[in-house]
Amino acid sequence: MSAPTETQAPARSERSHRHPFTSWREHHGWSAGTSLQRLASKPIGSLLTVAVMGLALALPLAFYLMLSNMQSLGSALGRNQVINVFLKTDQVAGNAQLLAKQIGQHDGVANVSVKSPQEGLDELSKMQGFSDALHALDDNPLPFVLEVQPQDGISADAASRLADDLRGMQGVDMVQDSGTWRQRLDALLDVGNRVVLILAALFALAVLLVVGNTVRVDITSRAEEISVLKLIGASRAFVRRPYLYAGIWYGLFSGVLAVALALAIEFALVEPVAKLSQVYEGKLRVAGLPPWLLVAVPVAAAFLGWLGARLVSAWQLRKAA
């Protein structure tokens with residue numbers, strides 16, 4: 001064999017003194033590109049895998065979206081419903097105004113309005129069946145009523161304590177509170193939150209299993225190629241790197257698909273919710289998915305794909321050793 005020429009020697013010397021990080025970076029780039037090409041070489045199988053994973057990840061997002069809209073609907077139906085405080089019949093307007101000012105300073109109270117006996121009588125007269133009976137009355141028997149609006153987001157326990165405090169005030173005859181409704185709604189929302197978390201955990205496990213099985217099949221089909229790489233001195237990290245990137249691609253694409261499906265569901269809800277909102281005087285709005293969640297889902301899915309590929313490839317390569 002002839003000696004290397006002057007032009008070959010510097011090139012060979014340059015390769016031998018190349019920084020290890022450069023080789024590591026180049027191999028990562030090659031692994032990412034190669035794994036993507038492998039996915040593209042079998043489009044039907046890759047699309048089916050991504051579709052299954054994307055649908056699995058979209059279900060928790062859909063439930064989260066429904067839960068957010070349940071909270072919005074609960075507020076529109078009166079989750080923070082007004083607490084009606086009926087004063088004793090001997091209370092005059094001055095006492096009612098003074099008590100309203102005192103209640104307005106209470107923690108958890110957003111607003112207090114005073115309804116006079118005449119205003120209450122006018123409301124009753126507009127209801128069907130009450131008009132004739134009210135005209136027969138000599139005096140107005142209705143008391144002053146304070147309409148107490150709790151602050152937005154107040155818990156059921158805090159609203160219940162507020163109602164108890166109102167009952168103990170001087171001059172108060174009765175307090176009408178929808179505390180039971182709020183407690184039931186809060187309990188339902190707590191159950192919904194727990195269901196979303198459980199579903200997210202189960203479908204994350206499904207993503208791990210799907211990616212792991214796909215990578216296992218791929219490694220098994222390339223057993224001879226892997227044996228050749230080991231014979232020429234390739235390390236386990238070198239061999240499994242393309243499979244790790246395959247898991248990342250599977251997870252990333254499925255996460256993007258899940259977000260797209262969730263946005264499609266959100267878009268489909270806009271029109272019916274808009275019609276429902278008209279019934280509740282515009283109080284109901286579609287609670288969309290937060291931007292941070294739309295970004296976090298593909299990233300988390302890519303991590304799950306990497307993790308599934310990492311666990312299975314390490315096990316398969318160790319078994320083949």
Side-chain angles (χ1 to χ4, degrees), residues 20-21 23-61 63-64 194-259 261-262 293-321:
F21 176 76
S23 300
W24 177 86
R25 183 186 60 190
E26 289 179 354
H27 187 255
H28 270 274
W30 175 85
S31 299
T34 300
S35 60
L36 190 58
Q37 290 176 0
R38 288 179 181 176
L39 266 63
S41 65
K42 45 182 181 178
I44 296 179
S46 299
L47 287 176
L48 288 176
T49 301
V50 170
V52 170
M53 294 168 57
L55 288 172
L57 292 174
L59 285 176
L61 290 177
F63 277 103
Y64 180 87
R194 187 62 58 88
V195 169
V196 169
L197 291 176
I198 293 174
L199 285 175
L202 289 176
F203 288 121
L205 178 61
V207 169
L208 282 175
L209 295 177
V210 170
V211 172
N213 184 64
T214 303
V215 170
R216 182 189 64 80
V217 172
D218 197 7
I219 292 176
T220 303
S221 64
R222 296 176 180 274
E224 293 182 1
E225 177 184 333
I226 292 173
S227 298
V228 171
L229 288 174
K230 288 184 175 180
L231 286 175
I232 62 177
S235 64
R236 289 182 181 177
F238 183 93
V239 173
R240 68 169 172 253
R241 195 163 291 149
Y243 302 102
L244 299 184
Y245 275 101
I248 291 174
W249 292 127
Y250 278 125
L252 181 62
F253 293 149
S254 63
V256 172
L257 177 60
V259 169
L261 291 173
L293 185 60
L294 300 179
V295 175
V297 168
V299 174
F303 172 75
L304 289 173
W306 172 87
L307 182 61
R310 177 68 175 81
L311 295 174
V312 171
S313 61
W315 176 70
Q316 283 288 106
L317 294 176
R318 190 181 303 113
K319 186 177 68 171

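Reckoned from all heavy atoms, side chains included, excluding hydrogens, waters and symmetry mates.
- Side-chain contact between Val211 and Leu304: absent, with no pair of heavy atoms (C-beta onward) separated by less than 4.5 Å.
- The heavy-atom pair separating Val215 from Ser313 by the smallest distance is CG1-CB, 4.4 Å.
- A 4.5 Å side-chain heavy-atom check between Val52 and Leu48 finds every atom pair outside the cut-off.
- A distance of 12.5 Å separates OG1 in Thr49 from CZ in Phe253, rounded to the nearest 0.5 Å.
- Looking at every heavy atom in both residues, Gly247 comes nearest to Ala309 through CA-CB, 4.0 Å.
- Nearest heavy atom pair, residue Ala301 against residue Ser254, reads CB-OG, 4.2 Å.
- Thr34 places no side-chain N or O within donor-acceptor distance of the main-chain N or O of Ser31, the cut-off being under 3.5 Å.
- Note: Ile248 CD1 to Leu307 CG = 11.0 Å, rounded to the nearest 0.5 Å.
- Interatomic distance, CG of Leu197 versus CZ of Phe63, reported as 13.0 Å (0.5 Å rounding).
- Taking every heavy atom of both residues into account, Gly54 and Ala258 meet most closely at O-CB, 3.5 Å.
- In this view, Ser46 and Leu39, Lys42, Tyr250 satisfy the side chain to side chain contact (heavy atoms under 4.5 Å, CB included) rule, not counting sequence neighbours.
- Residues Leu61 and Leu293 form a side-chain contact, since some pair of their non-hydrogen atoms from C-beta on lies under 4.5 Å apart.
- When the options Leu257, Val256, Val259 are evaluated for a side-chain contact (heavy atoms from CB on, under 4.5 Å) with Val297, the one that passes is Val259.
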Can you give each donor-acceptor pair under 3.5 Å made by side-chain atoms of residues 237-246, sequence neighbours left out, with the distance rounded to 0.1 Å?
| residue | atom | partner | partner atom | Å |
| --- | --- | --- | --- | --- |
| Arg241 | NH1 | His27 | ND1 | 2.9 |
| Tyr245 | OH | His28 | ND1 | 2.7 |

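- In this structure, CD on Gln37 lies 9.5 Å from CH2 on Trp30, to the nearest 0.5 angstrom.
- Rounding to the nearest 0.5 Å places CG of Leu209 at 10.5 Å from CG of Leu311.
- Under the side-chain hydrogen bond (donor to acceptor under 3.5 Å, both in side chains) criterion, Ser35 pairs with Trp249, not counting sequence neighbours.
- The shortest side-chain heavy-atom distance between Leu55 and Leu59 does not fall under the 4.5 Å cut-off.
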